[in-house]
Amino acid sequence: MFLLVRFLLACIVATFCVGQAIANPERDPNNTLIIVGSDTLSGLMTAWTQEFYSQNPAISVEIQAVGSAAAPPALQQGTANMGTMSRAMNSDEVSAFIAETGRQPTEIVLAEDAVVFITHPSNPIEHLTENAIARIFGMPGTCGTNGRITSWQELSAAHPWGKTRIQVIGRTATSGTYQYFRKSALCGGDPGVFINEIPGGGGVSNTVARLPSSLAYSASTHANGDIKVLSVMDGAGEIVSPEAYDYPFKRRLYLYLATSLEDARGTAECAFLEFIASEAGVDILLRSGFDLPDEDGSLTLVGAANACR
Amino acid sequence: MVADSEKIVLSGTQRQLTGSRRERLRSLAMIGLSASMVTSIILVASGLFLLLLTSSLSWLLGHVGTENATWSEKLYQLIFTGTELGYGVSAIFPAVLGTLALVILMTAFVAPLGVATALYLTEYARPTWYTKLIRISITNLAGVPAIIYGVFGLGFFVYGIGGQVDQLFFGDQLPNPTFGTPGLLWAALTMALLNLPVVIVAVTEGLDALPGDLREASVALGATHGETVFKAVLPAAMPSVFTGLILATARAAGEVAPLLLVGAVKFAPALPFSDRLPFIELEQKFMHVGFQLFDAVLFNRIGPGDVGWIASVALILVLLISILNLFAIAFRAVILGRQEPANPF
Amino acid sequence: MLAAKNRNLRSILAGLIVRLAGLAVICALIGMFVQMVSVAYPILAPSTLAPLTSSLDDFRSGQLLEEGYALDATRGVSFSVAGDWSLEGKSGEPWFWVNSLTGFRIENTDLPTRWTAASAVGINRGVAIANADGLISHHHFLASTLPGDAPSSARAEQIDISLSVVSMAGHPRLAVAAVVSSPSTLTIVDFRNPQAQLTYPLADDASGLYWESPTKLRVFAGSIAEDFQFTTTDIGGAWSRLINPVHYEGYSAPNYLWLPLPASEEAEPKYSIAPLLFGTLKAASLALLIGAPVSLGAAIYVGFFMSQAQRGRIRPAIDMLTAFPTVVLGAIGLFWIAPVFETVLAALLGVVILFPVLITLGVFAMRGVGLRIVRLDALDDWPLKLIPLVSVVLATSAWAGMSVAASLPGGSLNAYLQQHGITIAYFNSLLVGLILGLAITPTIFSVAEEAIHSVPKNLAAGALALGSTPWQSYRDIVLPLALPGMIAAVMIGFGRAAGETMILLMLSGNTGIIDMSVFEGLRSVSASLALELPEAPKNSSHYYVLFVMGLMLFGVTFVVNTLAELIKDSVRAKTRGG
């Protein structure tokens with residue numbers, strides 16, 4: 001018994017020593033920045049917070065990145081001060097937020113990227129039609145199309161891989177990329193239950209890079225390295241690459257705040273916003289492969305940082 | 001019962017007396033096959049280990065992956081600074097410390113309850129339907145899937161107890177929850193529950209192995225039952241307590257599923273230790289080695305050259321658990337192999 | 001004297017605390033069950049309808065009626081469907097699909113022509129049509145499969161409320177319609193759960209009604225407006241929607257779909273848990289198929305043929321596998337096995353077929369050189385002696401499998417299977433089964449080995465003394481006594497496999513399909529819990545359904561483990577007798 005007590009005491013002392021040795025003395029426990037949400041944005045957020053944390057060690061940062069769907073409930077329940085989303089909040093989520101907190105969430109347009117279709121570099125295919133996308137990724141009949149495409153031959157009669165199965169890869173339902181893809185490419189219909197759903201965007205790219213017969217949709221920032229990015233043939237018969245300004249699957253990425261910017265003045269949120277709107281922050285954003293959004297009157301980073309001051 | 005077994009022996013041997021060369025060959029073959037299964041399992045386990053080792057070493061020593069860094073630089077990056085693999089992959093050092101904090105807290109919960117339950121079963125209770133019920137509960141707790149502990153932890157600890165704690169003590173901060181959100185404390189409680197059967201089984205085993213003389217001698221010297229149990233029996237069974245706690249630690253380091261629900265996060269550079277009582281940030285979210293591997297594998301871009309990085313993290317995890325397991329085996333051998341009871345006084 | 005009393009008191013106190021700990025273990029298990037039931041329970045709650053006190057002034061309600069919330073059968077109705085198409089109808093006349101751009105009118109012959117009320121259900125997704133006899137049918141719109149062609153409709157459900165329908169309003173989101181009928185009754189018909197109708201007597205004959213929000217219904221009776229609160233879950237209290245195939249909106253036939261997060265707030269979440277239960281069972285069965293023979297074989301050897309000392313050494317060696325946490329096994333599967341699965345499959349087939357044969361031959365060949373059964377305890381070092389043989393056999397049979405695959409018509413196993421119409425999914429059940437089988441091997445081994453070892457050695461010794469071979473004495477003496485314990489081991493292994501999460505999350509592909517092929521992916525309950533529970537809003541239908549699944553998993557493992565424990569108990573009693 002004494003041994004047990006002694007052991008526990010030793011544990012407490014050891015914890016104390018570790019605590020003394022590595023605890024951050026400047027740290028203010030009430031000054032925590034909890035960011036929950038999109039996996040697409042998680043790399044950018046990690047890069048930002050790493051830099052931000054090294055400049056502001058008094059503010060502790062936690063990032064949880066599993067999918068955009070996690071952001072609204074977290075903001076609503078107050079388990080996060082910032083939510084990152086690769087799609088806009090839908091009206092249900094906004095009304096649930098208002099019902100719980102009595103105020104609007106603050107929406108900041110963070111960046112722009114695109115949902116791209118990726119395959120293995122050895123695949124000769126260059127572009128997909130919108131009709132083919134619906135027939136490959138959707139349940140039968142999505143967007144009023146007829147029948148599924150399951151093999152490369154069905155996609156393009158001249159394809160050298162013939163009857164080889166198209167390994168369709170996508171994201172899980174909690175991902176904002178999934179929901180965006182579903183709305184914009186599948187006419188809001190159901191994605192096929194046969195799609196291999198991978199929890200993270202990195203995982204999608206990893207699989208595609210290792211699997212020749214794969215075809216996936218992914219956020220453009222995840223589509224780096226040994227991966228072929230396909231163009232899309234739009235309704236007018238024009239082949240558009242993801243870099244083009246009229247690529248049909250361009251989208252905005254959002255940052256949501258639980259409070260208004262006026263209330264956030266002087267808090268960790270505002271300090272973080274001011275950091276990411278700074279030159280260093282924008283530099284990280286561009287280096288991570290995102291674009292700055294076009295000005296169209298919605299609240300952007302610079303606007304938000306100004307409102308903070 | 002005895003008759004039963006004898007009947008089986010007799011009916012069996014009657015057939016065997018006709019044993020032929022054919023039977024002897026069959027015997028040889030079957031024993032060979034079953035022995036080869038043992039060999040296969042060990043070969044497969046070693047094969048997996050070697051796979052990780054070679055992949056990890058070729059990454060550390062070779063020139064693939066990160067630009068021409070030496071192995072020591074790579075190791076340093078891996079552990080302390082983090083490697084950039086397309087995206088920032090954080091270092092494993094904060095994850096190891098997060099795991100440590102989790103284990104310390106978990107031990108504080110699971111040790112008293114596990115030891116007390118084991119003591120009850122071996123030193124206090126006579127075998128009745130009630131102890132049978134407890135034993136069935138323990139088997140069931142051991143068999144409940146880890147993810148279910150996560151589900152329970154989220155529903156009961158986080159939303160249930162956490163929500164209540166917030167209403168009682170942190171009312172001024174509501175609706176922003178302090179404890180009503182996944183965090184270290186709830187993760188530790190969930191892990192403690194998950195590991196309760198591990199500790200109970202290990203301690204029970206140790207207590208059963210102690211000679212009865214120990215208790216008799218203690219009682220004969222005039223000790224009360226409580227004194228016998230806590231001052232004579234338990235100290236002698238201490239190695240088995242350590243066995244249980246070490247096994248629990250190994251499990252806590254490797255089990256990721258419940259942590260997906262109750263508090264592990266991708267990135268939390270602020271370590272969960274503090275210089276204020278109770279020295280651990282109970283409500284904070286934390287990083288975890290196993291979770292980090294999961295995150296690195298599915299949420300990061302792993303090029304062909306970076307696979308060795310994954311192998312290294314996995315290898316560190318496997319080695320950590322293996323070492324813990326070896327310690328557990330050593331402690332177990334101490335108590336099971338002991339001929340003479342140790343002098344408890 | 002006082003000291004003694006104090007000591008006794010402390011002893012009693014300690015006893016009390018220790019007894020409480022015993023109780024706490026039982027409470028923990030029951031508590032887990034009760035807590036999960038209490039969270040999951042609301043999914044079973046039936047829908048409710050309750051009047052609200054607020055009411056509109058006459059002027060406003062009259063205005064709303066003018067705006068046409070009460071639909072008129074004689075005036076005709078029009079619902080927009082998909083693209084440029086809309087559905088138009090007038091009572092007594094056929095329904096028409098109308099294209100607003102081209103002006104095409106195509107007759108729809110599926111819908112009833114005699115009706116008194118019709119209303120859209122959901123947005124652009126379906127229509128409910130009621131006639132004067134109280135027969136209400138619900139039809140889904142199906143987009144056409146040819147561009148430019150008119151949509152079609154499919155009847156999903158028909159409900160008879162046996163009241164003369166005056167007016168009807170379809171729910172803006174769910175397959176639910178509110179109906180006012182004469183004499184003065186309000187009925188909520190739920191096409192998801194046809195048996196559950198909610199009726200409410202109105203004070204006056206109602207003329208119209210509409211949904212102000214998904215939870216608030218407004219009914220006009222004369223010049224008075226009455227408000228009702230409608231609460232429901234996403235499955236409307238219909239348990240069967242979780243298990244049975246469901247005719248979801250936009251589909252021509254009932255099927256199983258697990259799509260819990262709809263694309264937009266109007267769309268219908270789909271909660272068929274059958275594919276997930278199937279996936280869990282499939283993965284666990286495959287894991288057993290691969291893990292059980294190996295671990296039982298090893299358990300027989302270690303439990304019966306090895307001496308006590310050697311057994312103490314070999315068990316930790318086999319427990320080496322437990323040092324691989326499942327997240328590591330998943331990563332190994334993802335990066336090292338899945339990319340070369342075709343080769344692994346060929347090698348695996350080779351091993352399964354050739355391994356027993358080659359090992360048997362090898363053992364016979366080695367009979368003269370070391371492998372001899374003189375005494376039982378001379379068998380101790382066989383696993384060690386067999387290392388070269390097993391390595392060679394594994395390599396040979398794997399090589400044989402691979403070379404046979406390469407010589408198949410088509411040049412590879414993949415191409416050969418493709419010729420026969422079988423394609424292999426990258427993330428397939430067999431891959432999951434293989435890794436999962438590896439993960440449950442130590443569990444099955446350790447329980448089964450315990451069972452075999454607990455059979456008293458003297459029984460077998462008797463048989464040996466009478467001249468039986470070691471295998472005979474195992475098969476005829478030990479096996480009958482150890483069999484229940486071995487079955488218990490397999491059951492525990494099954495429970496472990498069913499609940500395993502990380503491997504399935506990483507390797508199963510998370511495809512929610514019901515397909516018997518081992519080359520297709522699967523989606524398990526455990527992976528869905530891990531993926532979706534952190535994001536499911538607390539107290540939403542999705543959250544409840546996930547808890548229902550958690551409860552099912554808990555229930556299955558509870559039954560399996562309790563049975564296994566009882567079996568082990570009875571065996572313990574039996575062998576102790578011997």
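Below, chains carry the letters A, B, ... as their sequence lines are ordered, and counting in each starts from 1.
Interface remark: Leu320(B) contributes no atoms to any contact with chain C (heavy atom separation under 4.5 Å). Heavy atoms of Ser526(C) lying under 4.5 Å from chain B belong to its backbone as well as its side chain. In this structure, the portions of Leu113(B) lying under 4.5 Å from any heavy atom of chain C include both its backbone and its side chain. Contact of Leu298(B) with chain C is made through the side chain alone, with heavy-atom distances under 4.5 Å. Heavy-atom distances place no part of Phe445(C) under 4.5 Å from chain B, backbone and side chain included. Of the atoms belonging to Val262(B), not a single heavy atom falls under 4.5 Å from chain C.
A heavy-atom distance below 4.5 Å is not found between the side chains of Val38(B) and Trp382(C).
When atom types are taken as modelled, the side chain of Ser36(B) and the backbone of Val390(C) share no donor-acceptor pair closer than 3.5 angstrom.
The aromatic rings of Tyr543(C) and Tyr159(B) sit tilted, their planes meeting at an angle between 30° and 60°.
Interface check for chain B: of the options Leu531(C), Val39(C), Leu533(C), Leu296(C), the most heavy-atom pairs under 4.5 Å are formed by Leu533(C). When each of Ile329(B), Thr224(B), Leu141(B), Leu133(B) is scored by its heavy-atom pairs under 4.5 Å with chain C, the top score falls to Thr224(B).
Classification of Arg7(C) and Glu227(B) as a salt-bridged pair holds, one side-chain N sitting under 4.0 Å from a carboxylate O.
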